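As structure tokens, the structure follows; a few thoughts come after it.
Note that the coordinates shown come from a computational prediction; the quantities given were computed from them, not determined experimentally.
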Amino acid sequence: MAIDPVRVLVTGAAGQIGYALVPMIARGVMLGPNQPVILHMLDIPPAAEALNGVKMELIDAAFPLLKGVVATTDVAEACTGVNIAVMVGGFPRKEGMERKDVMSKNVSIYKSQASALEKHAAANCKVLVVANPANTNALILKEFAPSIPEKNITCLTRLDHNRALGQISERLNVQVSDVRNVIIWGNHSSTQYPDVSHATVKTQDGEKPVRELVADDEWLRGDFITTVQQRGAAIIKARKLSSALSAASSACDHIRDWVLGTPEGTWVSMGVYSDGSYNVPAGLIYSFPVTSLNGEWSIVQRLTIDEFSRKKLDATAEELTEEKALAYSCLS
């Protein structure tokens, strides 16, 4: 029996991340090797020609799973009937701009896109916000799309999660697939807290704690954290462009694990709407460890939080509270 295609929206689709992301979706990286997709690609009018070029390439690639392409600069057309929305488009911070200026631009973008999703997306549409400030953009989107369940609006911290896995893998010279259950707490910013307190590595002698194998708390509480926090800036310095390939890949990981489920005994990091777990203020979009089953994520509960971690969780929550206030001031 034929499987109905899933409609996947990518905003900012002619940009760097979008260009890396759409072929991954069309190839089945996001939703699996048997799930047909129809891609909806949105960008701003000045990028219309480039967007059409991306559409031409998608057609030329002859992806078997790709059952249609909508390429448009019209937000209502882009959002119509979509089951999954990956919000990559946003206003980047430019030299000399104040945070409030960037926030104000993104508030207006996410307010209008939220309204379009509210009116035109399929029921139970799942939303992933990638554009920075991702946590707060997701919060604004939630405010202006009240009919989309709050559990369906998330932001990307899987890139940070994967960066943390990569750093541990490199340090211990093990396969990255053998490392699991790192956590990114908080904001997708330099206050995020990459935490290995509960992470393990699969060895010939069974699962071993990362902390025991690394045997260097100074590194785990110092350079490891700052490397993950500042990895985006390091890539910009090296490439003169921001992370695109890794961001696109982690967006696929985020949606795939959310929709298809996390492996038994493994959690991932997602920016989700806080319910007050771990004494994080409710009403923030905050990165937590989550598992997913049947398309529904749940925050992993009852993990022990030591004093060092507590301070880190609180510091990133404080920044998110300030960002929220700044964003809401742009609405008034």
Hey, what's the ring geometry for Trp258 with His254, parallel, tilted or perpendicular (30° and 60° as the breaks)?
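Perpendicular: the ring planes of Trp258 and His254 meet at over 60°.
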Identify the residue among Leu65, Val10, Ile84 that makes a side-chain contact (heavy atoms from CB on, under 4.5 Å) with Ile25.
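The passing option is Val10.
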Once you round to the nearest 0.5 Å, how far does CZ of Phe308 lie from CG of Leu313?
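Nearest 0.5 Å value for the CZ-CG distance: 11.0 Å.
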Taking salt bridge (charged side-chain N to carboxylate O under 4.0 Å, His left out) as the cut-off, I'd like each qualifying pair that reaches into residues 230-246, sequence neighbours left out, listed once.
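Those involving residues 230-246 do not exist here.
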If a pair satisfies salt bridge (charged side-chain N to carboxylate O under 4.0 Å, His left out) and one of its residues is in residues 153-175, list it, with sequence neighbours excluded.
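Those involving residues 153-175 are Arg158-Asp257, Asp160-Arg163, Arg171-Asp216.
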Atom pairs and distances, donor-acceptor, side-chain atoms in residues 42-53, under 3.5 Å, two or more places apart:
{"residue": "Asp43", "atom": "OD2", "partner": "Ala13", "partner atom": "N", "Å": "3.3"}
{"residue": "Asp43", "atom": "OD2", "partner": "Ala14", "partner atom": "N", "Å": "2.9"}

List in chain and number order the residues that pass side-chain hydrogen bond (donor to acceptor under 3.5 Å, both in side chains) with [X], two or more places apart in sequence or in another chain; answer none if no residue qualifies.
{"X": "Asn279", "value": "none"}
{"X": "Asp314", "value": "Arg310"}
{"X": "Gln204", "value": "none"}
{"X": "Glu322", "value": "none"}

When clusters are formed by joining ILVMFWY residues with side-chain heavy atoms under 4.5 Å apart, either directly or through shared neighbours, do Leu9 and Leu66 land in the same one?
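Unlinked, Leu9 and Leu66 end up in two clusters.
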Quick one about [Y] and [X] (side-chain donor to acceptor, distance below 3.5 Å, no hydrogens or angles considered), yes or no?
{"X": "Glu77", "Y": "Thr72", "value": "yes"}
{"X": "Ser104", "Y": "Asp101", "value": "no"}
{"X": "Gln192", "Y": "Thr157", "value": "no"}
{"X": "Glu323", "Y": "Asn135", "value": "no"}

Give me the atom names and distance for the closest heavy-atom approach of [X] to [Y].
{"X": "Met103", "Y": "Pro133", "result": "SD-CG, 3.9 Å"}
{"X": "Asn34", "Y": "Ile3", "result": "O-CD1, 3.3 Å"}
{"X": "Ala116", "Y": "Val75", "result": "CB-CG2, 3.7 Å"}
{"X": "Ala327", "Y": "Ile140", "result": "CB-CD1, 3.9 Å"}
{"X": "Pro23", "Y": "Tyr19", "result": "CD-O, 3.1 Å"}
{"X": "Pro289", "Y": "Ile183", "result": "CD-CG2, 3.7 Å"}

Can you establish whether the number of heavy atoms outside Gln301 located under 6.0 Å from its atom CD is more than 12?
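Yes, CD of Gln301 has more than 12 neighbouring heavy atoms, counting only those of other groups under 6.0 Å.
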Lys151, NZ: over 12 other non-hydrogen atoms inside 6.0 angstrom
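Above 12, so yes.
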So which pairs with a foot in residues 267-276 pass side chain to side chain donor-acceptor pair (under 3.5 Å), sequence neighbours left out?
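Qualifying pairs, neighbours excluded: His161-Ser269, Asp275-Ser277.
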Check residues 119-128 and write down every donor-acceptor pair under 3.5 Å in which the side-chain atom is one partner and the other belongs to a residue at least two apart or another chain.
{"residue": "Asn124", "atom": "OD1", "partner": "Asn152", "partner atom": "ND2", "Å": "2.9"}
{"residue": "Lys126", "atom": "NZ", "partner": "Gly295", "partner atom": "O", "Å": "3.2"}

Arg211: which residues meet the salt bridge (charged side-chain N to carboxylate O under 4.0 Å, His left out) condition with it, sequence neighbours left out?
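With sequence neighbours excluded, Arg211 shows a salt bridge (charged side-chain N to carboxylate O under 4.0 Å, His left out) to Asp217, given in chain and number order.
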Run through the side-chain heavy atoms of Ile, Leu, Val, Met, Phe, Trp and Tyr, join any pair under 4.5 Å, and report what else lands in Met24's cluster.
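Result for Met24 is Val29.
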Could you pull out all residues at least two apart from Phe63 that satisfy ring pair (Phe, Tyr, Trp, His ring centres under 6.0 Å)?
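Here no residue qualifies.
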